[in-house]
Amino acid sequence: MSRNNSVDGEEWQRRRSAMYRRESNMSEASCIQDVDMAQDEVFSGPMSESVPTATSVFSHRRSRADSNASFTYYEEERDFDSEAEEETEEAVFDEEDEQGGQDGGERHNSLDAADTFAEPELDGEAEEEEQNGHKSRPSLTGTKKSSAYSRTSKSSRRTSRASDTSAKAPLLRRHHSAGSDQSGYRLEGRLSQKIYILTEDMTIVVAGFTTSTFGFILYVCMCILTAGLAYLILRWLPKWYVRIIGKPTALAKADWVVIENQWSEMMVQDLAKEEFGQALSSVFGYNEKSKFRDYDEDDDPIMDELKILDYRYIRFCYHPLKDKFVLGNTWKDPAWTEVATVRGGIDSDEQEIRERIFGKNAINIEQKTTGQLLLDEAFHPFYVFQIASLLLWSLDSYYYYAACIFIISVVSIGTTLVETKATMKRLREISRFECDIRVLRGGFWRYVESSELVPGDVYEVTDPNLGQFPCDSLLLSGDCIVNESMLTGESVPVSKTPAEDETLELLNLSAASLHPDVAKHMLFSGTKIIRARRPQDDKSTEAAALALVVRTGFNTTKGALVRSMLFPKPSGFKFYRDSFRYISVMAMIAGVGFVASFFNFIRLGLEWHLIVVRALDLITIVVPPALPATLTIGTNFALQRLKSKLIFCISPQRVNVGGKIDVMCFDKTGTLTEDGLDVLGVRVVSRPANRFSDLHTDSSALLPGGAYERDPTVDYNANKAILYTMATCHSLRIVDDEFIGDPLDLKMFEFTRWQYEEGSDRPAGGEDEDDYSLSPSVARPPPGMEFDIDEDHDSPNSKRPIELGVLKSFEFVSQLRRASVIVRQFGEKSGDVYVKGAPEAMKDICRPDSFPPDYDELLAYYTHRGFRVIACAAKHIFRLNWLKVQKMKREEAESNLEFVGFIVFENKLKDRTTEIIDELSEANIRTVMCTGDNILTAISVARECNLVDRNAHCFVPHFVEGNAHMPLSKLVWESVDNPVYQLDENTLKPLPPPAEHDSSLPYDVSNLRNYSVAVPGDVFRWIVDFASPKVLHEMLVVGQVFARMSPDEKAELIDKLQSIDYCAGFCGDGANDCGALKAADVGISLSEAEASVAAPFTSRVFDISCVPEVIREGRAALVTSFSCFKYMSLYSAIQFTSVSFLYASASNLGDFQFLYIDLLLILPIAIFMGWSGPFPELAKKRPTASLVSRKILTPLLGQILLCVLTQLIGWLVVRKQPWYQPPVIDRDHSNSHNSENTTLFLLSCYQYILSAVVLSVGPPFRQSMAHNLPFVITLLVALAISSYMLFDPAPWLESLMELTWMSINFRIFVIALGVGYFACSYLAERQIFPRLSKWIGRFNQRVRGRQKKRKEYKLILEDMRT
């Protein structure tokens, strides 16, 4: 279907660009099924706009496969839709808009401007129409159709299984029936709604309910009749609870809703309702589409009732016309059109209404009371199981044991409670901020509490009491310097300038990201004020800097930040889930034991109460009480060790994930290399020769102060231009007589030795010079250089000192990769434009004849050697006045320039970089560089630190036809050292060099096997958007360097690596790496903050030595978790076996025997087992991460079998002894005083102790047991006490432990049996079981005829090597 069928090509493009931004994660050519939400704008995500400075992303974008999950309360065939409300860039997608449904009767939809850009729904008839050659409307999918985009027929889409339907119609699919008028709602409206919240990367389903009277009575009766058991079960199974008491109701009439997200987390939430009586637009603003059509009063009716839903501190308001919940933080006042009008603020009545809609301006985290927390903790299934066990043991007269376990449980609950309260208190302290603030209300200035601010309020920024911003606001007048490190992790201050009318027009709060031109005027909540100044021009009557409140409370960037801490994404680590699966299997085994012992006790004629208590006791043995604590113990020890190395972690579950890393990506500047760059020197274009001068390493050599020092054959205008550029074109500000700003700008300015005086950022506009009196920022040369010696002695200018006033500056923008200033010498009528930026960006804005012929060669010379190069350009403007400057657009200023030279910066590697990269390479962990710098500089640094093999070819792709935005462009992959060597564009394998080429120089052909690839950002973008998946995957597995990458592309690279089964880490220094740090499985930020919100890990040691530390600790924690789990499982099995043998004759272990085993043996052994530190060397192989793998289960089941056999031998042998003392069957009590009990108890003690030695894993992931002194001491003490009880116990101990007499020979037999068990167990664990598990794997593959599933990137690599 051609887009041009109904709209002519150019018109289509114009209208499309007006409506939609070009997607960055979504190719224009991709099929809608593969939509990954992201924007070309620089910062998107949970924090979205929080990073204006370095223009970065916060959002962590995975393919939204999760969203295809089946939702309990969402039935696609019940869904209806009125319009495609939200555009692709909106922060919330309503999923019914996408699912489309006919629930009886034909569906009708009204179409409007936005629908022109929606994919028509093709039901049966529509499909036939299209096949018959009928035209239909243009599609959103872009110019290139993919065969993957298949239309689902009516029958296939209307499947009853929600998950299938969901998968076939992904969340962002839009269906619309062509040309219809009315929607096919049920009479009562929709029952459920699916919403995708882009900023949280989360899909939720909201289903409406009212309470059923009959259901509620039934629930109360069940709770009373089962003595509260029904309450507990329904608390753990909320779906059943909702099924009993809830009656599905249309959203319009619902009293409460059930919300479920894609991770199957469910919650029941009451709806807040209140009388309202205001216009619809006061809550929802005007739809963006209303710009394209006439205003209609019916579009803005009065709302009688306001219905609010708060989920995870995200506010939704019910929209009566659309019959659905709409996100509340996207509201923008229709009156925000001109700065002059918004400066008047709002009145008190308006404030009251807005506070009802948006809530207080406070990030108040609801704190549960101690009672609620206690209840939550005590009603956890594990503790309920503990309580049941305690009651059972008490009934069985095990008072001592029950009392000890009770004390342990109370201490455990207490410490959890204290930790939770402390964490919440710390979070509240971070998030809460209250102060008095000066606000303009109803035309009068007054002080109010910051919590009373609402969108539309105007407040004073220059109030000396204000230390940080209380909300997200736009600066209206004055100027500010702020520290945004709380959001970005980067402490370089950022300057903010006043907004203009265009800023208000560009402000789109429903978009997923903030426009860069809005970001530089936006004051983000929670960021610190370094300096705030009132307007500096003398004519201004304003005595203060003002700001307009645009978002408050949890809707602000800080609110979103706190939310991401409160509700972290599930890590996808399956260990805990698998452990509970395993426990359930063990519980089934216990069930078998329960049934067997039940019938056995009936046979023996025991009392019923004893039969029930004994049989239930088996289940408490199988699920050990200390299991959850021991599972987390390895992680907790790892966190402590990391903290001592100044590595802090805000997401403990990521520690284990660190042990699985396959690929580690690094930012370059500030991470691999030193943060500050030193100026090596300047290469100026000599005129009229049009060639580069020698390197000037000093500003006095660049522009000598005396006429006698200057070469008469050289025109010094270019030298002057580059020096003036360095002195004026920067973002430095002065606070407390110190320069603050970008370190690169600071080094560059220091090189000039000039002086700088900061002025006002916003002069008043006047036609002539006399019309204004203000102070622009001024740069002055150092003493001795005050006058321009090139001026004629007779001219007045020769007597006038050099003072360069900066009239206007255009800040650095990452898409343009340049910054510029308009400068005028004091007293002159003309001025100059000075630009500095990336050398690649200069080709578009400079006159071609101003470039020396060796421009590219000299650039390559420096970048190949790892230097950072900044290009400078200038132009002279005659007759320049204020009005002309203020009206001058950036495009006009930065055009038709003259290139004047290069500034060369030296970027040194950090001391430990090469050593760490080598260590990671030796451990088979792939290392990748991902930087915004020039590609040749990046390759040079990569070679210097051994990230890329110095002797091998590095291939770089470039376009020979087309560009990054054209689907049919053609790439050539050439060696950076010798373009004769190339890669095949489809397989990315080296092509044979031409026959005439001498292949012995500079590298021989054998080096081609070990080649690497470096990819610039524009090619990466094109490959993601337009190349085949095969080429994309090949690039991902061989690409070592990714250069000129925008922050969004860095995050996308991580995303794509994860899509081919890499476990990817990212290490960067904050700001523009935020997106990648969040997207990575393990993100490590090098930041001064103790816990930067930008990443799970934060290192205060500013080099990459933290990376192997995190990996080592992750591997050790992973192995420790498995070891502890296996040990606890084995402990259960040993005790289960002992008790089962004793049950055969109605005996059991004694109270103090249980106590000794659980408290004196198991607890200290399990704790100290996790004490072992990581092995200092990183091994080539990674530890297994799956609990239900045969590598874990085969040895575990083998060990259990050995335990059972050992106890069986002891049990059989003791019964044949002449002194054997059989158990006396008591119908009311278990007899513990017998030979079977003593033998099995003492033998099992040796099993508990020695199996800990067998299961304590050492190298290659952890240090050997010998390094773990507490563990060794615990084992020796336990062995000594057990041996003492075996050979020569004191009479009181014998009585306490209920031990019977045994012959000395039999005692020696018991210890020999224990040692024999240890020898067999150790040998089997190290030699037999691993081989057996491999053999089982092979046998399994042969029987099933299916190969083991391998990671996709390994298959791609193998395919490339064959």
What's the spacing between [X] [atom1] and [Y] [atom2] if we round to 0.5 Å?
X       : Y       : atom1 : atom2 : result
Ile314  : Ile204  : CD1   : CD1   : 7.0 Å
Tyr311  : Ile195  : OH    : CD1   : 10.5 Å
Lys324  : Leu251  : NZ    : CG    : 11.0 Å
Cys1124 : Ile633  : SG    : CD1   : 6.5 Å
Thr1184 : Ile1192 : OG1   : CD1   : 5.5 Å
Asp1061 : Tyr1353 : CG    : OH    : 8.5 Å

Evaluation steps, side chain to side chain contact (heavy atoms under 4.5 Å, CB included), between Ile661 and Val1110: CA-CA 10 Å; Ile661 283 183; Val1110 168; 5.8 Å; no

SB check Lys247 Asp255 (cutoff 4.0 Å):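 Salt bridge flag = no for Asp255 with Lys247.
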
Presence of salt bridge, Asp1081 and Lys660, under 4.0 angstrom: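 Salt bridge between Lys660 and Asp1081, a charged N being under 4.0 Å from a carboxylate O: no.
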
Which atom names give the shortest non-hydrogen contact between [X] and [Y], and what distance separates them?
X       : Y       : value
Ala1117 : Asn656  : CB-OD1, 3.3 Å
Ala378  : Tyr383  : O-CB, 3.6 Å
Met202  : Tyr196  : O-CD1, 3.3 Å
Leu1118 : Pro1183 : CD2-CG, 3.8 Å
Gly1083 : Pro1096 : O-CD, 3.3 Å
Ile245  : Tyr219  : CG2-CB, 3.7 Å

Test side chain to side chain contact (heavy atoms under 4.5 Å, CB included) applied to Met222 and Ile244, step by step: CA-CA 11 Å; Met222 284 166 66; Ile244 291 168; 4.0 Å; yes

Check whether any side-chain heavy atom of [X] lies under 4.5 Å from a side-chain heavy atom of [Y], and answer yes or no.
X      : Y      : answer
Leu232 : Phe379 : yes
Thr226 : Ile233 : no
Pro238 : Val268 : no
Phe554 : Arg315 : no

Within the side chain of [X], is there an N or O that forms a donor-acceptor pair under 3.5 Å with the backbone of [Y]?
X       : Y       : result
Thr249  : Lys253  : no
Arg1182 : Asp662  : no
Ser1132 : Met1128 : yes
Asp323  : Arg190  : yes
Lys239  : Met266  : no
Gln262  : Thr203  : yes
Gln1058 : Ala1079 : yes

Heavy-atom count check: over 12 atoms from other residues, nucleotides or ligands less than 6.0 Å from [X] [atom1]?
X       : atom1 : value
Met588  : CE    : no
Arg235  : CZ    : yes
Lys1351 : NZ    : yes
Lys368  : NZ    : no
Trp240  : CH2   : no
Gln372  : CD    : yes

Residues Ile308, Cys317; criterion side chain to side chain contact (heavy atoms under 4.5 Å, CB included); working and verdict: CA-CA 5 Å; Ile308 289 171; Cys317 298; 4.3 Å; yes

Pair Phe316 + Phe325: ring centers closer than 6.0 Å: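 That pair fails the under 6.0 Å test.
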
Derivation of the side chain to side chain contact (heavy atoms under 4.5 Å, CB included) call for Arg312 and Glu265: CA-CA 12 Å; Arg312 291 189 169 185; Glu265 295 167 341; 2.6 Å; yes

Partner of Tyr313 under side-chain contact (heavy atoms from CB on, under 4.5 Å), chosen from Val562, Ile365, Asn555: Ile365

